[in-house]
There are 2 protein chains.
Amino acid sequence: METLSRKQREISDRERQILALARPILVHEGYQALSMDRLAAQMEYAKGTLYNHFPNKEEIVAALAIESLELRRKMFERASLLSPISRHRMMAIGCACDLYTQECAEHFAVEQMLRNSVIWQKSSEKRQVLIQQCEMRAMSVVAGVVRDAVAAGDLTVPEHMSAEELVFGFWSLTYGSHALIASSPSLSEVGVNDPVRSIRYHGWTLMNGYQWKPFISFDETESLMHQLGERIFGDEPN
Amino acid sequence: METLSRKQREISDRERQILALARPILVHEGYQALSMDRLAAQMEYAKGTLYNHFPNKEEIVAALAIESLELRRKMFERASLLSPISRHRMMAIGCACDLYTQECAEHFAVEQMLRNSVIWQKSSEKRQVLIQQCEMRAMSVVAGVVRDAVAAGDLTVPEHMSAEELVFGFWSLTYGSHALIASSPSLSEVGVNDPVRSIRYHGWTLMNGYQWKPFISFDETESLMHQLGERIFGDEPN
DNA sequence: CCTATATTTTGACGCAGCGTCAACTTTTGT
DNA sequence: ACAAAAGTTGACGCTGCGTCAAAATATAGG
């Protein structure tokens, strides 16, 4: 009984070992560089053993992506609790996005890979459901902030638009900018010198467009976001 | 001399043949499905001959992406000329984006592939420059509209922000939304039912945030954009 | 402790796809 | 007509994925 559980612990540990080993390869050398043979060699296990844990290479990437999505969701939740003022809470979430893509660039990179068809298609139903749930929970955190703002009278969501659709605008803005920053060959060549600051400004302007109260000047926004940012990685950086 | 040019025509025709054959495979069956062996077989040429035209598979994708970027740039240019009113011109460009991703979904899909590291890295310097130029020209069309708006007194670009950085906001918003629509597993599951309309609304709100004159109601915006859309594919749908 | 059964590990193997290159064919120039 | 240049070919080497029968190890009963 004891030996069984020891063996089983050994096996489940190995799953985390595989992921821990795979992540840096994936992040620093790209999807191509991650090969099952190489992974097996570095693990000092045979390739077949890897395939006992993951049915194919894509599942490994998907598993890593889930870890990353979880991290982002946690950051969102933390961020959304940093203030009682709805507009500040939304700003904190924006701040979390910035931090996530900058300080946890590896995680963002892995998340991006998941969006590239092949991996998504080949990953198991089970994991696809997990991923969707993760996205839904992140969305509901932000939509919750919007609903609270409406309830508090800070914001009016246009009729025929759901809270989620309002969130979708901010999501597109921040996601789009970070995706472009990561993938557009030399943004500065086309005249965009400080894309992150620009997007904070656009986000601020969009909030103003929706007349999200209380109004704050952009300078105040900047310093407030800086403060909020410091509090997002609180006790546990994980 | 005549035979030479016949031969040379034959060769340069083949390049277009390759691309024409590759595109549907790439679009409908994905990057994985596009193999050099298969392409050679369908071309009824030996694989080596393909490699006389393109040094590797990635270059073929890059070449296709350039065609797509060119199409988008042309649509932008057309769109930007449809009205004398700066705000309408910007709306027309937004409309061009929507049309591009919807009616020319294959092109958008190929463009997306280029953003996924591997292809970009392995494509030749020459093509990388071409791609950058294409992006720059598209950007300068839109930035031109912004500058005209400023000159006409319709718009004030915030100090410390360039026209390009202002464009970057709209670019992020539309690019982000289309990327999410294409890649996010079931947006409607998370509560976003009409993402395209939502983004048009967000774009409209962002313009209002920048007080881009003349103000138009959203309903007017919708019908105007519909009209503009019909005029973007004018004489030559290419 | 031994043996039978279940579980886990292994790595050689089949297969597919990329890119190469020496041999072969066609075109060009004289 | 012939030699040199240009173009074409497909077999080959290599890498990487995923499989599976055989070997190793663990579990359980006597």
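The chains referred to below are lettered A, B, ... by the order of the sequence lines, with proteins before strands, and numbering in each begins at 1. Atom set for the values below is all heavy atoms of this structure, side chains included, hydrogens, waters and symmetry mates excluded.
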Requested in this report: Could you go through the side-chain hydrogen bond (donor to acceptor under 3.5 Å, both in side chains) check for Y51(B) and E59(B) one step at a time?
Outcome: CA-CA 10 Å; Y51(B) 281 92; E59(B) 279 279 287; over 6 Å; no
Report task. Could you check R14(A) against H53(A) for side-chain hydrogen bond (donor to acceptor under 3.5 Å, both in side chains), going step by step and ending with a plain yes or no? Result -> CA-CA 9 Å; R14(A) 202 157 49 216; H53(A) 293 276; 3.2 Å; yes
Report task. Any chance you could lay out the side chain to side chain contact (heavy atoms under 4.5 Å, CB included) test for F108(A) and S68(A), step after step, and finish with the verdict? Result -> CA-CA 7 Å; F108(A) 183 65; S68(A) 298; over 6 Å; no
Report task. Would you sort out whether Y175(A) and E111(A) count as a side-chain hydrogen bond (donor to acceptor under 3.5 Å, both in side chains), showing the intermediate values? Result -> CA-CA 11 Å; Y175(A) 172 75; E111(A) 224 183 275; over 6 Å; no
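Between the CG atom of L39(B) and the P atom of dA16(C) there is a distance of 18 Å, given to the nearest Å. Atom CG in L50(B) sits about 10 Å away from atom P in dT9(D), given to the nearest Å. In this structure, CD of E44(A) is placed 15 Å from P of dT9(C), rounded to the nearest angstrom. I18(A) has its CD1 atom 10 Å from the P atom of dT9(C), to the nearest Å. Whole-Å rounding puts the N52(A) CG to dT7(C) P distance at 13 Å.
When each of R72(A), R73(A), R115(A) is tested with E135(A) by the rule salt bridge (Lys or Arg N to Asp or Glu O under 4.0 Å), just one qualifies, namely R115(A).
The aromatic rings of H107(A) and Y100(A) sit tilted relative to each other, their planes meeting at an angle between 30° and 60°.
Considering only side-chain atoms of A46(B), the nucleotide from dG7(D), dT9(D), dT10(C) that sits closest is dT9(D).
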Query raised in the report: Base, backbone or nothing for each nucleotide of nucleotides 13-21 of chain D, written B, S, -, heavy atoms under 4.0 angstrom, 5' to 3'?
Result: ---SBBB--
